[in-house]
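Along the sequence shown, the residues carry numbers beginning at 1.
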Amino acid sequence: MNKEHKESSAITPLFSAEAIEKRIQEIGKAISLDFASTTSESPLLLLVVLKGAFIFAADLLRTITIPCTVDFIKASSYGSEKISSGKVTINHNLAIEGRHVLIIEDIIDTGLTIQQVTHELMTMKPASVSICTLLDKPEARKHPVEMRYTGFIVPNAFIIGYGIDFNEQYRELPALGILDS
Ligand code: 5GP
């Protein structure tokens, strides 16, 4: 997709920057309450799935009031095609053993990526693994997933903005929208 195409593509607004901010405040409060027993000796590990969740994670992190650390994993799925290939790379040098891990994801679609990430993490002996996703597309689910925190339920359409791309574009948009095909 070139710049000209980008400018001519229609985007249907879905959630405003204000709505996103409000929902993230609520999720941050819930996480801080649920993991209130966390100590600085054993802080909550926010494991951010790159790249799509980076802006969500940055905003969410600043609403959390308990000790936590942040690390990143890479799960590539969509390139320039709007299809999921579900490839997951986890750095096994990550200190996971005995930690409470909260995976921060942008969108759960078929559920394949998060299922693979969770499976990989379980081999690294965490104390627990929970999932926090900004968006959930339940209509597209093929693999069962249990989310602990969900920002918004979305229709089975192609979403962009707020860190979420199409062909590496649109991440800079402050709001979420549907990229019309
Ligand atoms: P799943 O493995 O659940 O099918 O796909 C999850 C990943 O696919 C998400 O983390 C995200 O990177 C990508 N994805 C799923 N739906 C969409 C979408 O509507 N828009 C964009 N840009 N990426 C999506």
Side-chain angles (χ1 to χ4, degrees), residues 1 9-15 19-20 23-24 26-27 30-31 34 44-60 70-92 94 96 99-171 173 175-181:
M1 182 183 281
S9 292
I11 297 170
T12 306
L14 208 50
F15 300 105
I20 298 168
R23 186 71 191 109
I24 288 178
E26 292 166 356
I27 297 173
I31 293 170
D34 293 348
L44 176 67
L45 171 58
L46 301 191
L47 200 53
V48 183
V49 184
L50 293 172
K51 298 181 190 173
F54 82 107
I55 292 182
F56 173 43
D59 284 346
L60 180 66
V70 184
D71 225 316
F72 300 89
I73 57 174
K74 177 101 178 142
S76 46
S77 52
Y78 296 85
S80 57
E81 301 296 322
K82 295 177 184 176
I83 53 160
S84 176
S85 61
K87 289 192 191 111
V88 175
T89 316
I90 294 185
N91 174 359
H92 278 255
L94 285 177
I96 302 281
R99 304 279 303 273
H100 290 288
V101 180
L102 183 60
I103 304 170
I104 310 296
E105 178 61 299
D106 58 351
I107 306 181
I108 297 181
D109 188 48
T110 65
L112 178 65
T113 308
I114 205 74
Q115 203 179 62
Q116 290 182 337
V117 168
T118 309
H119 184 80
E120 276 288 307
L121 285 176
M122 291 315 281
T123 67
M124 299 162 83
K125 302 191 175 77
S128 70
V129 175
S130 309
I131 298 166
C132 174
T133 185
L134 176 63
L135 304 176
D136 177 21
K137 270 193 217 173
E139 287 167 45
R141 194 78 77 257
K142 290 191 183 136
H143 307 271
V145 180
E146 216 173 289
M147 277 88 79
R148 190 153 180 187
Y149 309 99
T150 301
F152 303 100
I153 306 279
V154 292
N156 196 5
F158 198 80
I159 317 289
I160 45 92
Y162 194 68
I164 302 169
D165 76 314
F166 174 58
N167 204 9
E168 293 301 327
Q169 295 190 68
Y170 305 106
R171 294 193 199 276
L173 300 180
L176 285 158
I178 295 173
L179 185 65
D180 300 331
S181 49

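In this structure, CG in L134 is found 5.5 Å from CG in L176, a value given to the nearest 0.5 Å. With values rounded to the nearest 0.5 angstrom, F72 atom CZ is found 6.0 Å from L50 atom CG. The CD1 atom of I131 lies 9.0 Å from the OG1 atom of T150; values are rounded to the nearest 0.5 Å. Here CG of L47 is found 6.5 Å from CG of D71. Values are rounded to the nearest 0.5 Å. With values rounded to the nearest 0.5 angstrom, L46 atom CG is found 5.0 Å from L44 atom CG. Distance check: R99 CZ to L94 CG gives 9.5 Å after rounding to the nearest 0.5 Å.
Side-chain contact between L14 and F152: absent, with no pair of heavy atoms (C-beta onward) separated by less than 4.5 Å. Between I73 and V48 there is no side-chain heavy-atom pair separated by less than 4.5 Å.
Legend: residues meeting salt bridge (charged side-chain N to carboxylate O under 4.0 Å, His left out) with R141, ordered by chain and number and at least two apart, are D136. Taking I24 as the reference, I20, F56, D59, L60, T63, Y162 meet the side chain to side chain contact (heavy atoms under 4.5 Å, CB included) condition, with sequence neighbours excluded. Every residue meeting the side chain to side chain contact (heavy atoms under 4.5 Å, CB included) condition with A140, not counting sequence neighbours, appears here in chain and number order: D109, K137, N156. Shown here are the salt bridge (charged side-chain N to carboxylate O under 4.0 Å, His left out) partners of E26, two or more places apart in sequence or in another chain: K22, R23. The ring pair (Phe, Tyr, Trp, His ring centres under 6.0 Å) check on F54 picks up nothing, with sequence neighbours excluded.
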**Request:** Check the pair I164 / I55 against side chain to side chain contact (heavy atoms under 4.5 Å, CB included), numbers first and verdict last.
**Result:** CA-CA 9 Å; I164 302 169; I55 292 182; over 6 Å; no
**Asked** Taking it one step at a time, do F158 and L179 satisfy side chain to side chain contact (heavy atoms under 4.5 Å, CB included)?
**Response** CA-CA 6 Å; F158 198 80; L179 185 65; 4.3 Å; yes
**Message:** Between I178 and I11, does the side chain to side chain contact (heavy atoms under 4.5 Å, CB included) criterion hold? Intermediate values first, please.
**Reply:** CA-CA 5 Å; I178 295 173; I11 297 170; over 6 Å; no
**Request:** Take K51 and K74 through the side chain to side chain contact (heavy atoms under 4.5 Å, CB included) test and state the conclusion after the steps.
**Result:** CA-CA 7 Å; K51 298 181 190 173; K74 177 101 178 142; 3.6 Å; yes
Acceptor/donor pairs from residues 100-107 side chains to any protein atom, 3.5 angstrom cut, sequence neighbours excluded:
| from | atom 1 | to | atom 2 | distance (Å) |
| --- | --- | --- | --- | --- |
| H100 | ND1 | S128 | OG | 2.6 |

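In this structure, H119 places its NE2 atom where only 12 or fewer heavy-atom neighbours from other residues, nucleotides or ligands lie under 6.0 Å away.
A side-chain contact (heavy atoms from CB on, under 4.5 Å) with V145 is found for one member of L112, I114, T113, T110 and no other, namely I114.
Using modelled atom types, one side-chain atom of T133 and one backbone atom of L135 make a donor-acceptor pair closer than 3.5 Å.
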